[in-house]
Amino acid sequence: MNTHLLNAALDAAERGWHVFPLRPADKRPALHGETACSGTGDCAGGHRKWEQRATTDPDRIRAAWSAGAFNVGLATGPSGLVVVDLDPVKAKDPKGTPDGVTSLQALCERAGQTVPATYRTRTASGGHHLYFTTPAGVRLGNSAGRLGKHIDTRAHGGYVVAAGSILPHGAYEVVDPTAPVPLPEWLYALLAPRQPSRGLTVAPVPVRASRYAAAALRAETAAVAGAGEGVRNWTLVRAARALGRFIPSGDLARHEIEQALNSAGLRAGLRENECRAAVTSALNWSIANNPGRPA
């Protein structure tokens, strides 16, 4: 029995995280697949996949890890977690491609937020996993590249390799032991399932807008149009504050932002008077806090 890996599994389970064995020195599940299922034991009532068999039961964990030096898989959905996976740059990436850490920093800057301080691990390849608790009553799935280049997320239907696991080229280590904090609302707004389209959701981009301002206008408008009930108003205010900084610099005109965000808010299901009041107030705040470039 590898006590190091057993302890890693037990430590995760003590946090309420559901674990299952991965192949030794590997990231793949060690459990049998459906085609090889014998229909006995845990699968007596039908084949149970790794997400269903993941557990916090210390006795089951000890029994499983007594059979081999298994790495530790952590089923994010049953554990009530959303894990943001920041990958390093890959050899095949074009020169200048940002890694996941850089992409997240840029995303936070655009949103006017700081990189959240939460439980974080360093992966064997040099990437990072940021752990967040899932909002109550919310079921998020996995995503790939939705937040930015080399940023994936794992929630229901996904798993991550837990700290303490070892691969041939390195180990998974805790770099910030802070308890996982709730997934920030602004990140949830970007990850929430898109609502059915209520018409054209792409905002027209002014010809004179800089590439960065044009991209921001498209992204923020799409985020507002796709925001779900409960975060629609917050998403609209955040978008207006983010875009308002382009007004003093001359990259975007105020009426263009107002038109785009008001239309997006209506598509999200907000009332027109709600949209106009929220956008006006948020743009005023942004302009006051983002003076234009000096001449």
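Bear in mind the structure is a predicted one, so any value in this text is a computation, not a measurement. Atom set for the values below is all heavy atoms of this structure, side chains included, hydrogens, waters and symmetry mates excluded. All residue numbers refer to positions in the sequence shown, counting from 1.
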Is the backbone of [Y] close enough, under 3.5 Å, to the side chain of [X] for a donor and an acceptor to pair up by distance?
| X | Y | value |
| --- | --- | --- |
| Thr97 | Pro94 | yes |
| Ser103 | Gly148 | no |
| Ser263 | Gln259 | yes |
| Asn289 | Ser286 | no |
| Asn71 | Pro24 | no |
| Gln113 | Cys108 | no |
| Ser249 | Phe246 | yes |
| Ser165 | Val161 | no |

Answer with yes or no after comparing the ring centroid distance for Phe132 and Tyr119 against a 6.0 Å cut-off, counting only values under it.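 No, the ring of Phe132 stays outside the 6.0 Å limit from the ring of Tyr119, centre to centre.
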State, yes or no, whether a side-chain contact exists between [X] and [Y] at a heavy-atom distance under 4.5 Å.
| X | Y | result |
| --- | --- | --- |
| Leu183 | Thr134 | no |
| Val160 | Thr76 | yes |
| Thr114 | Gln105 | no |
| Thr123 | Glu173 | no |
| Trp17 | Leu74 | yes |
| Leu130 | Leu86 | yes |
| Leu261 | Val224 | yes |
| Asp176 | Thr121 | no |

Decide ring-ring contact (aromatic ring centres under 6.0 Å, His included) for Phe20 and Phe70; before the verdict, give the C-alpha distance in whole Å, the side-chain angles of both, and the deciding distance to 0.1 Å. CA-CA 9 Å; Phe20 63 97; Phe70 299 115; over 10 Å; no
[X] with [Y], same ILVMFWY side-chain cluster at under 4.5 Å:
| X | Y | answer |
| --- | --- | --- |
| Val115 | Val175 | no |
| Val181 | Val174 | no |
| Trp234 | Val82 | yes |
| Leu147 | Leu104 | yes |
| Val83 | Leu167 | no |

Whether Arg276 and Glu258 form a salt bridge (side-chain N of Lys/Arg under 4.0 Å from carboxylate O of Asp/Glu) is what I want to check. no
Any salt bridge linking Arg62 with Asp59? Criterion: basic side-chain nitrogen under 4.0 Å from a carboxylate oxygen. yes
In terms of side-chain heavy atoms, does [X] have a donor or acceptor partner in [Y] at a distance below 3.5 Å?
| X | Y | value |
| --- | --- | --- |
| Asn284 | Arg241 | no |
| His128 | Asp87 | no |
| Asp99 | Thr102 | yes |
| Thr118 | Thr178 | no |

Kindly give the heavy-atom pair with the smallest separation between [X] and [Y], and that separation in Å.
| X | Y | answer |
| --- | --- | --- |
| Ala163 | Ala8 | O-CB, 3.5 Å |
| Gly164 | Leu5 | O-CD2, 3.4 Å |
| Gly244 | Ile287 | O-CG1, 4.0 Å |
| Arg110 | Glu220 | O-OE2, 4.5 Å |
| Pro21 | Trp65 | N-CH2, 3.5 Å |
| Leu191 | Ser143 | CD2-OG, 3.8 Å |

Between [atom1] of [X] and [atom2] of [Y], what distance do you get to the nearest 0.5 Å?
| X | Y | atom1 | atom2 | result |
| --- | --- | --- | --- | --- |
| Thr280 | Asn262 | OG1 | CG | 7.0 Å |
| Thr153 | Arg146 | OG1 | CZ | 8.0 Å |
| Leu283 | Arg245 | CG | CZ | 13.0 Å |
| Arg154 | His156 | CZ | NE2 | 14.5 Å |
| Glu272 | Leu266 | CD | CG | 6.0 Å |
| Leu81 | Tyr131 | CG | OH | 7.5 Å |

Quick one: do Leu107 and Leu187 satisfy side chain to side chain contact (heavy atoms under 4.5 Å, CB included)? Show the steps, please. CA-CA 10 Å; Leu107 178 67; Leu187 274 178; 4.1 Å; yes
Check step by step if side chain to side chain contact (heavy atoms under 4.5 Å, CB included) holds for Thr221 and Arg267. CA-CA 10 Å; Thr221 302; Arg267 288 194 294 273; 3.8 Å; yes
Looking at Arg15, I'd like to know if its CZ atom is crowded, meaning that more than 12 non-hydrogen atoms belonging to other residues, nucleotides or ligands lie closer than 6.0 Å. yes
Would you check, one step at a time, whether the test side chain to side chain contact (heavy atoms under 4.5 Å, CB included) holds for Asp152 with Asn142? CA-CA 7 Å; Asp152 300 332; Asn142 303 321; over 6 Å; no
Let me see the working for Val72 and Leu22 under side chain to side chain contact (heavy atoms under 4.5 Å, CB included), right down to the final yes or no. CA-CA 6 Å; Val72 183; Leu22 303 177; 5.9 Å; no
Measure the acute angle between the ring planes of His129 and Tyr172, then classify it against the limits of 30° and 60° as parallel, tilted or perpendicular. tilted
